[in-house]
Amino acid sequence: MSTLELRGVHAGYGKAQVLHDVSIHVGDGSITTLLGANGAGKTTTLRAISGLVRSTGEILVDGRPIPSAPDAVARLGVAHVPQGRGTIGQLSVEDNLKAGALLRRDRAQIRADLRRLRELFPVLGERAQSQAAGLSGGEQQMLAIARALMGRPSILLLDEPSLGLAPLVTKELFVLLPRLRDEWGLTVLVVEQNADLALSVGDHAVVLESGRVVLTGTAREVSGHDEVRRAYLGN
Ligand SMILES: Nc1ncnc2c1ncn2[C@@H]1O[C@H](COP(=O)(O)OP(=O)(O)O)[C@@H](O)[C@H]1O
Ligand SMILES: [Mg+2]
């Protein structure tokens, strides 16, 4: 577990500034939901944390500034499951999982983690030798998360894990998040369009609008907020 903190972060693409003075605190061992309309800057926020987009301001893990190179951020224990998954389609399920552990040397622990992940996501054990590209959308999302966990991160960044999934599959995935947080000792920042579902499993929530934080609070506070209900919850 770790804390993740953004303080006055600005980021963008070339001259187009997308994030303006974004400050977010993701507490140790919590699930924080990042909400906002399309184009609000949610993906850019995760990319700034991972070092995939240049930013100014402070991004701190356990109070220390993160390095600027993406592989150094990963080594620090930050795993990023990008929007649209992040599995290697031509590789088998098993090899995708092993690829997630490339930076590790603790072989016995790697084997133990593989076993735990097959318990958590039985389909990944059943389809171990199948090409990742042949899995269903939900299975690919599970594989992407499991692969990230094989790196033994302390912070997990999930970008719209429900994209393209059926509602029931999405729900199955989200109810696993508190379990992942607890059993894998994770601090989670999850971007989600399905606000109701994300708020039901999240501890805290942050709402972005045009690259600015417009609301933060506990998931309960945010879901009870009239404007949020109108904008994101459809009632
Ligand atoms: N690679 C890019 N180059 C230029 N502009 C981009 C790029 N990616 C995203 N943007 C712009 O940044 C803004 C925020 O995008 P993004 O962070 O993807 O939003 P969200 O994930 O909330 O939908 C949008 O206006 C989008 O058009
Ligand atoms: Mg996005």
Side-chain angles (χ1 to χ4, degrees), residues 1-28 30-89 96 99-104 141 144-145 147-164 186-193 198 202 204-216 232:
M1 285 191 289
S2 284
T3 58
L4 170 67
E5 185 149 22
L6 282 71
R7 287 190 198 151
V9 169
H10 295 257
Y13 305 89
K15 286 210 174 80
Q17 185 159 343
V18 173
L19 300 184
H20 310 272
D21 197 22
V22 167
S23 295
I24 297 174
H25 177 88
V26 185
D28 210 10
S30 70
I31 297 174
T32 296
T33 306
L34 186 56
L35 302 171
N38 257 332
K42 305 178 300 294
T43 294
T44 304
T45 302
L46 297 196
R47 286 189 182 146
I49 297 166
S50 296
L52 298 168
V53 171
R54 286 253 288 275
S55 62
T56 59
E58 288 185 289
I59 303 177
L60 309 164
V61 169
D62 294 329
R64 283 189 293 272
I66 55 150
S68 54
D71 54 338
V73 179
R75 274 199 299 276
L76 199 68
V78 180
H80 184 167
V81 179
Q83 198 172 320
R85 324 262 142 83
T87 55
I88 307 166
N96 265 279
L102 276 182
L103 292 172
R104 296 171 59 183
Q141 189 61 57
I145 293 171
R147 177 170 172 237
L149 293 179
M150 284 303 292
R152 273 285 172 175
S154 56
I155 295 176
L156 182 64
L157 309 175
L158 289 178
D159 199 349
E160 294 205 41
S162 69
L163 206 70
L186 290 170
T187 297
V188 181
L189 179 59
V190 54
V191 167
E192 187 48 50
Q193 295 269 353
H204 294 272
V206 176
V207 180
L208 273 186
E209 219 173 271
S210 308
R212 294 175 200 277
V213 173
V214 293
L215 188 66
T216 59
Y232 307 109

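Scope of the values below: all heavy atoms of this structure, side chains included, with no hydrogens, waters or symmetry mates.
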Worksheet item: What's the spacing between Ile24 CD1 and Leu208 CG if we round to 0.5 Å?
Response: 5.5 Å
Worksheet entry | Shortest non-hydrogen contact from Asn96 toward Ile88 | OD1-N, 2.8 Å
Worksheet entry | Nearest heavy atoms of Thr32 and His25, plus distance in Å | OG1-O, 4.5 Å
Worksheet item: Applying salt bridge (charged side-chain N to carboxylate O under 4.0 Å, His left out), which residue pairs with at least one partner in residues 32-56 are found, sequence neighbours left out?
Response: none
Item to complete: Let me see the working for Gln193 and Leu163 under side-chain contact (heavy atoms from CB on, under 4.5 Å), right down to the final yes or no.
Response: CA-CA 9 Å; Gln193 295 269 353; Leu163 206 70; 5.7 Å; no
Item to complete: Answer yes or no: is there a donor N or O on one side and an acceptor on the other, between the side chain of Glu209 and the main chain of Gly211, under 3.5 Å?
Response: no
I'd like a table of donor-acceptor pairs (distance under 3.5 Å, sequence neighbours excluded) in which one partner is a side-chain atom from residues 63-74, with atom names and distances.
none

Practice prompt. Of all the heavy-atom pairs spanning Thr33 and Gly202, show the shortest one and how long it is.
Written response: OG1-CA, 4.0 Å
Fill in: Separation between OG1 of Thr187 and CG of Leu4, rounded to the nearest 0.5 Å
8.0 Å
Worksheet item: Which atom pair, heavy atoms only, marks the closest approach of Val81 to Ala148?
Response: CG2-CB, 3.7 Å
Worksheet item: Once you round to the nearest 0.5 Å, how far does CG of Leu186 lie from CG of Asp28?
Response: 11.0 Å
Worksheet entry | Rounded distance [0.5 Å steps], CZ in Arg7 versus CD1 in Ile59 | 12.0 Å
Worksheet entry | Pairwise distance NE2(His10) to CG(Asp21) - rounded to 0.5 angstrom | 4.5 Å
Discussion item. Restricting to non-hydrogen atoms, name the atom on Asp62 and the atom on Ser2 that form the minimum distance, rounded to 0.1 Å.
Written reply: OD2-OG, 2.9 Å
Practice prompt. Might you work through the side-chain hydrogen bond (donor to acceptor under 3.5 Å, both in side chains) test for Ser162 and Glu192, ending with a clear yes or no?
Written response: CA-CA 7 Å; Ser162 69; Glu192 187 48 50; 2.5 Å; yes
Fill in: Interatomic distance, Leu189 atom CG to Leu46 atom CG [nearest 0.5 angstrom]
5.5 Å
Practice prompt. Return the minimal non-hydrogen interatomic distance between Ser50 and His80, and the atom names on each side.
Written response: OG-ND1, 2.7 Å
